[in-house]
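Right, one structure below, let's go through it.
Values reported hereafter were calculated over all heavy atoms of this structure, with side chains retained and with hydrogens, waters and symmetry mates removed.
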Amino acid sequence: MPEAVLFSVDARVALITVNDPDRRNAFTDEMSTLLRAAVERAEADPDVHAVVVTGAGKAFCAGADLSALGAAGGGETEAGLRRIYDGFMAVGNCRLPTIAAVNGAAVGAGLNLALAADVRIAGPGALFDARFQKLGLHPGGGATWMLQRAVGPQVARAALLFGMRFDAEAAVRHGLALGVADDPVAAALELASGPAAAPREVVLATKASMRATISPGSLDTEQHDLAMRTELGPQAASLQSPEFASRLAAARRK
């Protein structure tokens with residue numbers, strides 16, 4: 001079986017690729033664990049100054065694997081959800097500058113992965129879609145906070161309560177993506193050449209200062225963790241809903 005997460009370094013930039021294109025890079029416990037390991041590997045390497053995250057194939061990440069969510073809905077629901085969240089929480093907590101090269105659909109947990117990065121570059125076929133409510137699920141992983149931080153309360157509520165989706169151009173218009181590029185990975189790597197050329201200690205200190213000053217009195221990573229924990233109970237309860245059970249049964253029949 002191919003590795004579920006690929007890792008490479010070139011010109012002081014780590015490229016992390018979630019790699020299950022046949023299933024549109026749907027998030028599993030294994031992928032989440034490997035993603036955290038890749039982020040930690042980049043942080044531990046003094047020759048890495050920035051991180052780019054992307055997806056293999058046509059999708060960025062089509063969300064959490066429904067069977068994995070179903071398993072999380074078993075005995076230790078909140079612990080299971082935390083395992084699925086762990087990879088993109090690692091991206092959100094990364095001390096290095098991070099860019100999501102969103103080459104295709106970023107859905108549910110895949111949207112969370114994109115939102116966890118500092119900057120998003122959209123490919124022409126990018127689609128940002130929360131889709132939690134449509135699946136009968138409460139948002140999780142800090143989605144409520146990350147979306148409001150990225151696009152403001154009104155647009156975030158349009159996405160989470162009313163099902164608003166964003167193609168590449170709409171994502172840029174609403175501040176969800178920095179720009180659109182035919183090759184989002186190449187564009188992300190070019191953008192990452194800025195911190196790659198700067199002293200690493202300055203890059204790390206600048207990101208740390210920005211985390212501390214966006215909302216003086218707390219770090220943005222603390223706010224993300226609080227949002228994730230606030231969402232855990234309602235999302236765990238929603239995993240027991242008939243709507244989600246129906247979706248899970250349909251997925252298992254495929």
Side-chain angles (χ1 to χ4, degrees), residues 3-19 25 31-56 60-61 85-103 106 110-123 141-142 145-146 149-150 172 175-181 183-228:
E3 194 76 9
V5 173
L6 305 178
F7 182 91
S8 63
V9 176
D10 184 51
R12 295 183 173 178
V13 179
L15 176 61
I16 299 173
T17 305
V18 290
N19 183 42
N25 305 316
M31 184 178 285
S32 182
T33 298
L34 291 171
L35 180 57
R36 171 170 285 281
V39 171
E40 291 176 347
R41 180 178 174 184
E43 287 184 305
D45 187 341
D47 289 328
V48 173
H49 292 206
V51 174
V52 172
V53 179
T54 194
F60 177 71
C61 175
Y85 299 160
D86 196 49
F88 60 75
M89 294 295 290
V91 174
N93 288 327
C94 185
R95 295 181 299 118
L96 296 164
T98 54
I99 306 169
V102 184
N103 50 306
L111 176 60
N112 284 357
L113 176 57
L115 287 169
D118 296 317
V119 171
R120 288 155 292 283
I121 303 292
W145 175 77
M146 289 192 292
R149 175 184 64 168
V172 173
L176 187 54
L178 181 66
V180 181
D183 185 339
V185 173
L189 292 172
E190 182 178 357
L191 185 63
S193 67
R200 192 176 196 259
E201 62 273 17
V202 172
V203 172
L204 292 170
T206 301
K207 180 163 179 177
S209 293
M210 294 185 76
R211 281 180 159 164
T213 57
I214 189 171
S215 181
S218 65
L219 296 175
D220 67 351
T221 50
E222 295 170 344
Q223 295 169 12
H224 188 181
D225 186 68
L226 174 61
M228 181 271 290

Q) Has the side chain of N19 got a donor or acceptor atom that lies under 3.5 Å from a matching backbone atom of V5? A) no
Q) Counting N and O atoms only, with roles assigned by atom type, does the side chain of N25 sit under 3.5 Å from a partner on the main chain of A56, one being a donor and the other an acceptor? A) yes
Q. What's the spacing between F88 CZ and H224 NE2 if we round to 0.5 Å?
A. 6.5 Å
Q | Whether S32 side chain and G87 backbone form a donor-acceptor pair below 3.5 Å | A | yes
Q. Can you tell which of V52, V51, V91, L34 makes a side chain to side chain contact (heavy atoms under 4.5 Å, CB included) with I16?
A. V51
Side chains of residues 183-204: which donor-acceptor pairs under 3.5 Å do they make with residues two or more places apart or in other chains?
{"from": "D183", "atom 1": "OD1", "to": "V185", "atom 2": "N", "distance (Å)": "3.3"}
{"from": "D183", "atom 1": "OD1", "to": "A186", "atom 2": "N", "distance (Å)": "3.1"}
{"from": "S193", "atom 1": "OG", "to": "E190", "atom 2": "O", "distance (Å)": "2.5"}
{"from": "R200", "atom 1": "NE", "to": "V48", "atom 2": "O", "distance (Å)": "2.6"}
{"from": "R200", "atom 1": "NH2", "to": "E43", "atom 2": "O", "distance (Å)": "2.8"}
{"from": "R200", "atom 1": "NH2", "to": "D45", "atom 2": "O", "distance (Å)": "3.2"}
{"from": "R200", "atom 1": "NH2", "to": "V48", "atom 2": "O", "distance (Å)": "3.3"}

Q. So, the side chain of T98 versus the backbone of D118: is there a donor-acceptor pair under 3.5 Å, distance only?
A. yes
Q. For D47 and R12, what are the C-alpha separation, side-chain angles and deciding distance, and is it a salt bridge (Lys or Arg N to Asp or Glu O under 4.0 Å)?
A. CA-CA 6 Å; D47 289 328; R12 295 183 173 178; 5.3 Å; no
(Q) Tell me the closest heavy-atom pair linking F60 and V102, and the distance in Å. (A) CD1-CA, 3.8 Å
**Q.** Atom of M89, atom of G141 and distance for their closest heavy-atom approach
**A.** SD-O, 4.0 Å
Q: Output the distance between atom CG (L226) and atom OG (S218), rounded to the nearest 0.5 Å.
A: 9.0 Å
Q) Side chain of K207, backbone of L96: donor and acceptor closer than 3.5 Å? A) yes
(Q) Quick one: does any side-chain atom of E222 pair with a main-chain N or O of L219 as donor and acceptor, under 3.5 Å? (A) yes
(Q) Check R211 with D220, please: is the shortest side-chain N to carboxylate O separation under 4.0 Å? (A) yes
**Q.** Under 3.5 Å: donor-acceptor pair, side chain of T54, backbone of A101
**A.** yes
**Q.** Separation between CD of E3 and CE of M31, rounded to the nearest 0.5 Å
**A.** 10.5 Å
Q. Do the side chains of L178 and I121 get nearer than 4.5 Å, heavy atoms only?
A. yes
**Q.** Interatomic distance, S8 atom OG to L15 atom CG [nearest 0.5 angstrom]
**A.** 4.5 Å
Q: Check for a donor-acceptor pair, side chain of R120 on one end and backbone N or O of A100 on the other, with a separation under 3.5 Å.
A: no
Q: Please check if the side chain of R41 supplies one atom and the backbone of F7 the other of a donor-acceptor pair under 3.5 Å.
A: no
Q. Which distance, rounded to the nearest 0.5 Å, do you find between the OG of S209 and the CD1 of I214?
A. 13.0 Å
Q: Would you check, one step at a time, whether the test side-chain contact (heavy atoms from CB on, under 4.5 Å) holds for L176 with L115?
A: CA-CA 8 Å; L176 187 54; L115 287 169; 3.5 Å; yes
